[in-house]
Amino acid sequence: MLWAALYYFLLLAAYFVIRPIRDEMGVEGGVRNLSWLFLGTLVGMLLVHPLFTALVSRLPRRLFIPAAYTFFAVNLIAFWYAFQTLSGTQEVWAGRVFFIWTSVFNLFVVSIFWSLMADLFRPEQAKRLFGFVAIGGTVGAVVGSSVTAFLAERVTPSNLLLVSASLLGLAMLTAHQLMRTAPKSVAGQAPSAEAEADLPVGGNILDGIRTALSSPYLLGIVGYMLFYTITATFLYFQQAEIVEAGFSERAARTVFFARVDLVVNSLTAVIQIFFTGRIVRRIGIALALATLPLICIFGFVAVGLAPTLMTIAVVQVLRRSGNYAISRPCREMLYTVLPRDAKYKAKNFIDTFVYRFGDQTGAWSYDGLAYLGFGAAAISMIAAPMAGVWLVLGLWLGRRQVAMVTASSTRQTIPDGG
């Protein structure tokens with residue numbers, strides 16, 4: 001558990017060091033171009049997901065996990081070199097590529113982490129421990145965003161990419177230690193668990209897609225993810241427009257994004273330490289999954305009524321902290337009842353391609369509504385009932401997961417029926 005928390009700490013610190021830089025480059029490249037950047041991210045997911053599933057099919061986890069992290073760390077160093085040598089229009093285009101790459105990077109490295117957690121911990125252990133493990137990530141996010149908030153106006157922001165690459169390298173070493181330790185320390189594993197973990201998952205590169213689209217349970221997770229990303233994209237676009245109008249300096253925008261990240265992660269840490277475990281045990285996974293959609297319903301109404309910097313900051317803080325502290329750990333618990341190949345392949349497909357497909361759907365939908373003359377208030381009022389449907393789906397998924405755990409405590413299966 002402690003190795004897992006440290007691993008997540010390093011991953012989130014690596015990402016949140018560069019997240020404000022990504023967001024600032026997205027604004028610098030033009031708010032009207034954001035939908036194209038989201039499309040580029042979706043294409044990037046289509047290219048990277050088959051490569052990852054090929055690694056999962058052919059290599060044991062002790063090899064494919066460090067291989068993936070090494071690839072991303074080398075990319076970070078390459079981007080740092082590019083930003084040192086490019087200027088003008090070339091730098092703007094490099095920033096757009098970096099925006100797309102970072103949007104691919106953060107989903108893949110976090111998806112790999114949670115796949116490993118679902119592989120190591122049983123459903124009842126996940127319910128007890130995932131909240132604590134998530135605290136490690138939250139503290140890492142606080143550290144990462146604090147580093148950027150403090151240094152963005154003191155050093156060239158691109159130099160922070162080397163800090164992120166170093167943290168990612170440490171995360172890779174920690175993952176190695178976790179995989180060495182977990183089979184001996186996780187209670188209730190079969191004697192053959194360590195030997196099985198050293199074998200490739202097998203299958204082919206399309207298994208994840210087929211599995212995700214053939215199971216009603218996994219289709220429910222797909223729907224939950226789509227609602228989450230579409231509504232998040234609506235808020236992201238509204239945030240970009242409000243920030244662009246509110247600040248003229250690049251450094252000021254970067255600091256604003258970093259400070260929002262800092263507040264989000266600080267509040268998330270408080271909730272995770274004192275409330276997450278109690279909330280899940282008291283209200284159950286179904287109501288916990290419904291919490292984030294409920295926050296979004298009220299958030300969209302607030303932004304529609306008062307589209308200001310303060311409003312968007314408060315809504316983003318509540319939405320993102322609610323996701324990290326409650327919704328995300330519960331969403332990961334949904335996978336603990338599935339077989340091993342689904343935990344890595346189907347989960348990765350949902351966490352990456354489906355996630356970014358939702359982003360793209362949200363981006364084009366937002367642009368389409370704006371083209372038709374809908375303002376921020378009207379778009380927010382359209383998104384609010386969408387979050388209501390999302391809430392109902394979260395309730396169904398939570399109840400279905402509980403039923404699957406009750407029906408089989410030893411053998412993990414993907415249900416054939418809803």
Side-chain angles (χ1 to χ4, degrees), residues 1-15 48-77 104-123 125-126 129-130 132-134 136-137 140 164-205 207-208 211 332 335-352 412:
M1 182 182 67
L2 293 175
W3 279 115
L6 177 60
Y7 175 17
Y8 202 27
F9 166 86
L10 293 166
L11 274 187
L12 267 291
Y15 169 58
V48 177
H49 175 72
L51 298 177
F52 175 75
T53 54
L55 284 177
V56 172
S57 298
R58 292 166 175 79
L59 298 176
R61 69 189 186 196
R62 64 180 175 83
L63 295 180
F64 75 71
I65 291 177
Y69 289 156
T70 299
F71 169 78
F72 285 115
V74 170
N75 284 186
L76 278 167
I77 296 172
V104 173
F105 158 79
N106 80 301
L107 292 186
F108 264 92
V109 297
V110 173
S111 177
I112 291 170
F113 168 81
W114 283 112
S115 291
L116 182 59
M117 296 304 102
D119 200 14
L120 294 178
F121 296 101
R122 302 193 311 274
Q125 293 173 323
L129 304 179
F130 274 14
F132 179 87
V133 171
S164 179
S166 300
L167 291 168
L168 191 59
L170 292 174
M172 180 175 62
L173 296 176
T174 305
H176 174 72
Q177 181 61 34
L178 172 62
M179 287 183 282
R180 288 184 56 198
T181 305
K184 302 179 182 65
S185 63
V186 177
Q189 284 196 329
S192 61
E194 187 171 2
E196 180 185 355
D198 202 43
L199 296 175
V201 172
N204 59 64
I205 62 174
D207 285 345
T211 302
E332 301 305 336
Y335 293 98
T336 59
V337 296
L338 300 176
R340 194 160 175 254
D341 61 337
K343 291 174 182 175
Y344 287 101
K345 294 183 179 181
K347 183 181 187 309
N348 183 262
F349 172 72
I350 295 171
D351 285 350
T352 58
Q412 294 175 325

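From a predicted model like this one, the values you see are computed outputs, not experimental measurements.
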What's the verdict on side chain to side chain contact (heavy atoms under 4.5 Å, CB included) for D351 and V110, showing C-alpha distance, side-chain angles and the deciding distance?
CA-CA 9 Å; D351 285 350; V110 173; over 6 Å; no
Between A5 and F132 the two heavy atoms that sit nearest each other are CB-CE2, 4.2 Å
Any non-hydrogen side-chain atom of L168 less than 4.5 Å from a side-chain atom of L11?
yes
Please walk me through it: do K343 and T336 pass side chain to side chain contact (heavy atoms under 4.5 Å, CB included)?
CA-CA 8 Å; K343 291 174 182 175; T336 59; 5.5 Å; no
Step-by-step side chain to side chain contact (heavy atoms under 4.5 Å, CB included) determination, N75 to F105
CA-CA 10 Å; N75 284 186; F105 158 79; over 6 Å; no
Worked verdict on L120 versus L178 for side chain to side chain contact (heavy atoms under 4.5 Å, CB included)
CA-CA 10 Å; L120 294 178; L178 172 62; 4.0 Å; yes
Distance from Y69 atom OH to F113 atom CZ, nearest 0.5 Å?
8.0 Å
I need the F130 CZ to E332 CD distance, nearest 0.5 Å.
7.0 Å
Note: A73 and A165 closest approach over all heavy atoms is O-CB, 4.0 Å
Return the CD1 to OG distance between I77 and S164, rounded to the nearest 0.5 Å.
10.5 Å
Are T352 and V104 side-chain neighbours, meaning at least one heavy-atom pair lies under 4.5 Å?
no
Any chance you could measure D119, atom CG, to R61, atom CZ, to the nearest 0.5 Å?
5.0 Å
Does K347 count as lying over the ring of Y335, i.e. NZ or CZ under 6.0 Å from the six-ring centre, within 45 degrees of the axis?
yes
Is there a donor-acceptor pair under 3.5 Å between the side chain of K345 and the backbone N or O of D207?
no
Hey, what do you get for CZ (R180) to CH2 (W3), rounding to the nearest 0.5 Å?
9.5 Å
Would the distance check show the side chain of T211 and the main-chain N or O of G208 forming a donor-acceptor pair, the cut-off being under 3.5 Å?
no
How long is the gap from CE on M117 to CD1 on I112, to the nearest 0.5 Å?
11.5 Å
Shortest non-hydrogen contact between P50 and T53, atoms and distance
O-OG1, 3.0 Å
Is the distance between the ring centroids of F64 and Y344 under 6.0 Å?
yes
Non-hydrogen side-chain atoms of L116 and Y7 separated by less than 4.5 Å
yes
